[in-house]
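Okay, so here's the structure we're looking at.
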Amino acid sequence: MIVNKLRDWIRAALSTFKRENRQERETDRLPNESKSKKLDREKSEKVSAQVKSGKPHKALRGTRDILPDETPLWQWVETTARELLQRAAYREIRPPMFEQTQLFERGIGEATDVVGKEMYTFADRGGRSLTLRPEITAGLVRAVNEHKLTAQGSVLRLWHVGPAFRYERPQAGRQRQFHQLDVELLGSRDPRADVEVIAIATTLLQTLGLKSLTMDLNSVGNGDDRQRYRDALVDFLTPHKADLDDDSQKRLATNPLRILDSKDAKTQEIVQTAPSLLDFLSPDSQQHFDQVQQYLTDLGIVYTLNPRLVRGLDYYTHTAFEIQSADLGAQATVCGGGRYDGLISQLGGADTPAIGWAIGLERLTLLLKQLAVEPSTAMDVYVVSRGAATAGKALQVAQALRQVGLAVEMDLSGSAFGKQFKRADRSGAVLCVILGEAEAEQGTVQLKWLTSGEQSEISQAALTQAADELVQKVRQAQQAT
RNA sequence: GCGAGCGUAGCCAAGGGGUUAAGGCAGCGGUUUGUGGUACCGCCAUUCGGGGGUUCGAAUCCCCUCGUUCGCCCCA
């Protein structure tokens, strides 16, 4: 038995070796090719070999089709958000989905993970380096600056919903193309602005029926506060360097604040006794933060102070917050945001303070699915017809009923009435309009109420004239069920 | 980039070396050729992600590969 296993192993190794040898010879034909280029080419050859094999195309890793069964949920979320934002004086903006790479490098920060390893960057045909937006704020701020949307001292309230892209391994609540609802309030330093924006997030989540979410709150101060804290933290951590996890050791030089929320147990232990950012806030920063907390409490918004909450994008100042759910697996954050007073001027605009957040719609819909929230997509009326003479009439009836506001589906199969009624049931319609040869001849239709089984005949002319009345009856029948 | 698990129909799955690959949902057709929700009957995988190997014989064992899921890193 052992002998057999050994033989299997040797044979398999031999065949792999042969295959590799073959590949080696083929790749050797191209001289002057760097090793990494060669690897790239081999990779893309593998991918195209799969495509050539005649298999149907599949959505790329980390992308997903949102199918018709799911879109009602998305539409409901979007509609709810749009109405809420409209009532709070926010206006929609739609910036493009890709920008110059440099915009994100400068805006988000070269040392961040997002810029360092997660961007979809490519050269266009003109040789420019472009990047699919990894988040929405930077591009939105670019648009605001470009079109001079903030006059001096004015306040600008904006929102946007759309996809963003990050090159990462997908897992629960994480994809390469994902969707964010983004809300930004530009032009105010007032702590009430912070709270207005946070309240919109909590209200929206509440309106959608989400409970048992928690909010972490912190202040990362202004630039000077953070610089002083950063120095103090590095001083504190340097003696412990050898005990930190590998990533944290690297971050000691590049981005020390991020060490604070490392999940490594040993690192966490060390960090416990580290100086707190909150002790380094200037009097102004402290006052701002105090007021934010006061206003939040006044509105009854519950939060937990988390001095170790450090967000991964460089542009945050003062208020930082995250809303999390315990039901999302490892990626618990549904909503993250904060103040970014320096970003707008850094991207070439006037010195303008701002605050905003983003909600991840995949994560949000994941939670809503757990709640089994299912918006209705039922039809009001189902049009059944059979026979050549009825075809055009059925179309006209459907059209007329839609014009008075009813949701109407028309059966296209021409199969037996029995079959068509089955589909009528499934459509959720309460009323069936029946058009057979006899009706077509007499210029009538049968109206059958699927709720009661009651059926009556009416002329086609009367149907369109009394359409409004019919709408009332349909609504009544729906109420009754 | 790293680690672990999993790939059988549109979906959920049983089968873990022996030849016709269970079952359920959905779909289509029929009982009912112009009247639904129920019931019953029939149809729906020459093939188990792909390639190679072992074997008289592979969905089942071995190797490679692709995909996917969850986790690490980090975030939405």
Side-chain angles (χ1 to χ4, degrees), chain A residues 4-20 43 46-47 49-51 53-55 58-62 64 67 69 108 112-114 116-118 134-137 163-175 177-182 245-248 250-251 255 258 261-264 310-313 322-325 328-337 357-366 382 384-387 390 413 415-429 432 434-439 446 448-451 453 455:
Chain A
N4 273 343
K5 268 192 177 159
L6 200 67
R7 191 189 50 193
D8 285 351
W9 184 82
I10 289 169
R11 276 186 179 143
L14 219 64
S15 82
T16 335
F17 176 68
K18 272 188 213 155
R19 193 167 34 238
E20 277 170 359
K43 235 182 213 176
K46 259 185 213 162
V47 172
Q50 272 225 308
V51 174
S53 73
K55 286 193 134 193
K58 293 169 76 177
L60 292 171
R61 170 176 293 150
R64 206 167 66 89
L67 297 172
D69 277 351
I108 299 170
T112 60
D113 283 351
V114 169
K117 57 179 197 188
E118 294 169 6
E135 52 103 51
I136 288 166
T137 307
F165 307 83
R166 291 183 201 171
Y167 191 88
E168 297 181 274
R169 288 294 292 264
Q171 69 187 72
R174 167 184 293 163
Q175 290 173 235
Q177 175 176 341
F178 59 104
H179 298 79
Q180 289 190 331
L181 170 66
D182 197 72
D245 60 280
D246 293 349
D247 282 324
S248 294
K250 278 179 218 147
R251 289 208 185 94
N255 203 346
R258 292 227 55 92
D261 61 5
S262 165
K263 279 181 193 162
D264 183 80
V310 181
R311 306 195 24 87
L313 281 44
E322 279 185 13
I323 300 173
Q324 304 180 325
S325 164
L328 275 176
Q331 310 306 325
T333 304
V334 191
C335 174
W357 51 252
I359 284 181
L361 294 185
E362 276 76 9
R363 292 180 189 175
L364 183 59
T365 49
L366 222 53
Y382 195 91
V384 159
S385 68
R386 191 158 159 77
T390 69
S413 69
S415 50
F417 275 121
K419 297 295 172 195
Q420 296 197 40
F421 277 106
K422 277 189 183 169
R423 285 185 212 110
D425 265 326
R426 257 177 268 143
S427 79
C432 214
I434 308 159
L435 254 164
E437 303 278 7
E439 288 80 9
Q446 303 282 336
K448 173 163 180 169
W449 295 92
L450 293 169
T451 40
Q455 186 168 330

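For the numbers below, each heavy atom of this structure counts, side chains included, while hydrogens, waters and symmetry mates do not. Chain naming here is simple, since letters A, B, ... match the order of the sequence lines and numbering starts at 1 in each.
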### Query
Are a donor atom and an acceptor atom from the side chains of A:Gln324 and A:Glu322 found within less than 3.5 Å of each other?
yes
### Query
Within the structure, does a side-chain N or O atom of A:Arg311 lie under 4.0 Å from either OP1 or OP2 of B:rC74?
no
### Distance between P atoms of B:rG67 and B:rA45 (Å, rounded)
29 Å
### Message
Need to verify one output field. Residue with the more 5' nearest nucleotide on RNA chain B, A:Val114 or A:Lys419?
### Response
A:Lys419
### Task
Return the value, rounded to whole Å, for the distance between atom CG of A:Asp113 and atom C1' of B:rG1.
12 Å
### Query
Can you tell me how far P of B:rG7 sits from NZ of A:Lys58, to the nearest Å?
14 Å
### Query
When the C1' atoms of B:rC66 and B:rG51 are considered, how many whole Å apart are they?
10 Å
### Query
Any Lys/Arg nitrogen of A:Glu437 or A:Arg386 sitting under 4.0 Å from an Asp/Glu carboxylate oxygen of the other?
no
### Task
Would you classify A:Arg423 as touching base, sugar-phosphate or nothing, given that sugar-phosphate means primed atoms plus P, OP1 and OP2, and contacts are heavy atoms under 4.0 Å?
sugar-phosphate
### Query
On a plain distance test, is the side chain of A:Glu439 in donor-acceptor contact with the base of B:rG34 below 3.5 Å?
yes
### Query
Where the side chain of A:Ser427 meets the backbone of A:Ala429, is there a donor-acceptor pair that is under 3.5 Å apart?
yes
### Message
Rounding to an integer number of Å, can you tell me how far A:Leu328 CG sits from B:rA76 P?
### Response
14 Å
### Message
Can you check the distance between B:rG49 and B:rC40, where both ends of the measurement are the C1' atom (answer in whole Å)?
### Response
38 Å
### Task
For nucleotides B:rU35 and B:rA22, find the distance between their P atoms and express it as a whole number of Å.
37 Å
### Task
Measure distances between side-chain N and O atoms of A:Lys117 and base N and O atoms of B:rG1, and say whether any donor-acceptor pair falls under 3.5 Å.
no
### Query
Can you find a side-chain donor-acceptor pair between A:Glu135 and A:Gln180 that sits under 3.5 Å?
no
#### Entry: Separation of the C1' atoms in B:rC25 and B:rU31, to the nearest angstrom
22 Å
### Query
Are A:Phe178 and the base of B:rA76 stacked, counting only ring centres nearer than 5.5 Å and planes tilted under 30°?
yes
#### Entry: Candidate nucleotides B:rG3, B:rG36, B:rA76, ranked by approach to the side chain of A:Arg169 - the nearest
B:rG3
### Query
At under 4.0 Å between heavy atoms, what does A:Ala172 touch on the DNA or RNA strands: base, sugar-phosphate, or nothing?
sugar-phosphate
### Message
If I pick the P atom on B:rG27 and the same atom on B:rU38, what distance separates them, to the nearest angstrom?
### Response
10 Å
### Side chain of A:Arg174 - closest among B:rC74, B:rG29, B:rG36
B:rC74
### Query
Is a donor-acceptor contact shorter than 3.5 angstrom present between the side chain of A:Gln171 and the base of B:rU69?
no
### Query
Between B:rA58 and B:rU47, how far is it from one C1' atom to the other, in whole Å?
12 Å
### Summary
Using Watson-Crick geometry (N1-N3 plus N6-O4 or O6-N4) or G-U wobble (N1-O2, O6-N3), each under 3.5 Å, B:rU68 is paired with B:rG5
### Query
Could you state the CD-C1' distance from A:Gln420 to B:rG29, rounded to the nearest angstrom?
15 Å
### Message
Hydrogens and angles aside, do A:Ser325 and A:Arg363 bring a side-chain donor and acceptor to less than 3.5 Å of each other?
### Response
no
### Task
Under 4.0 Å between any heavy atoms, over every strand shown, what does A:Arg64 touch: base, sugar-phosphate, or nothing? Just pick one.
nothing
### Query
Does A:Arg251 put a side-chain nitrogen or oxygen below 4.0 Å from OP1 or OP2 of B:rC74?
yes
### Message
Once you apply a heavy-atom cut-off of 4.0 Å, does A:Leu361 come out as touching a base, just sugar-phosphate, or nothing?
### Response
nothing
### Query
What does A:Gln455 touch in the nucleic acid at a heavy-atom separation under 4.0 angstrom: a base, only the sugar-phosphate, or nothing?
base
### Query
Across the strands shown, which category fits A:Glu168 at heavy-atom distances under 4.0 angstrom: base, sugar-phosphate, nothing?
base
### Task
Answer with base, sugar-phosphate or nothing: what part of the nucleic acid does A:Cys335 contact at a heavy-atom distance below 4.0 Å?
sugar-phosphate
### Query
Any ion pair linking A:Arg174 and A:Glu362 (charged N to carboxylate O, less than 4.0 Å)?
no
### Task
With syn defined as a glycosidic angle within 90° of 0 and anti as everything else, classify B:rG16.
syn
### Task
Name the nucleic acid region contacted by A:Arg386, choosing base, sugar-phosphate or nothing; use a 4.0 angstrom heavy-atom cut-off, strictly under.
sugar-phosphate
### Summary
When A:Thr333 and A:Arg61 are each assigned the nearest nucleotide of RNA chain B, the 5'-most assignment goes to A:Arg61
### Query
When all nucleic acid strands are considered with a 4.0 Å heavy-atom cut-off, which category describes A:Asp425: base, sugar-phosphate, or nothing?
base
### Inter-nucleotide C1' distance (B:rC48, B:rG7), Å rounded
10 Å
### Query
What nucleic acid atoms does A:Gly436 come within less than 4.0 Å of, heavy atoms only: base, sugar-phosphate, or nothing?
base
### Task
Quickly work out the A:Arg426 CZ to B:rU35 C1' distance and round it to whole Å.
15 Å
### Message
Looking at every heavy atom in both A:Gln171 and A:Ala330, which two are closest together, and how far apart are they?
### Response
NE2-CB, 3.8 Å
### Task
Answer with base, sugar-phosphate or nothing: what part of the nucleic acid does A:Val334 contact at a heavy-atom distance below 4.0 Å?
sugar-phosphate
### Query
With a non-hydrogen cut-off below 4.0 angstrom, is A:Ala164 in contact with a base, only sugar-phosphate, or nothing?
nothing
### Query
Can you name the closest pair of heavy atoms from A:Phe421 and A:Cys432 and give their distance?
CE2-SG, 3.6 Å
### Task
Grab the NZ-C1' distance between A:Lys422 and B:rU38 for me, whole Å please.
10 Å
### Task
Assign A:Gly453 to base, sugar-phosphate, or nothing according to its heavy-atom contacts below 4.0 angstrom with the strands shown.
base
### Task
Quick one: label A:Glu118 by what it contacts on the DNA or RNA (base, sugar-phosphate, nothing), any heavy atom closer than 4.0 Å.
sugar-phosphate
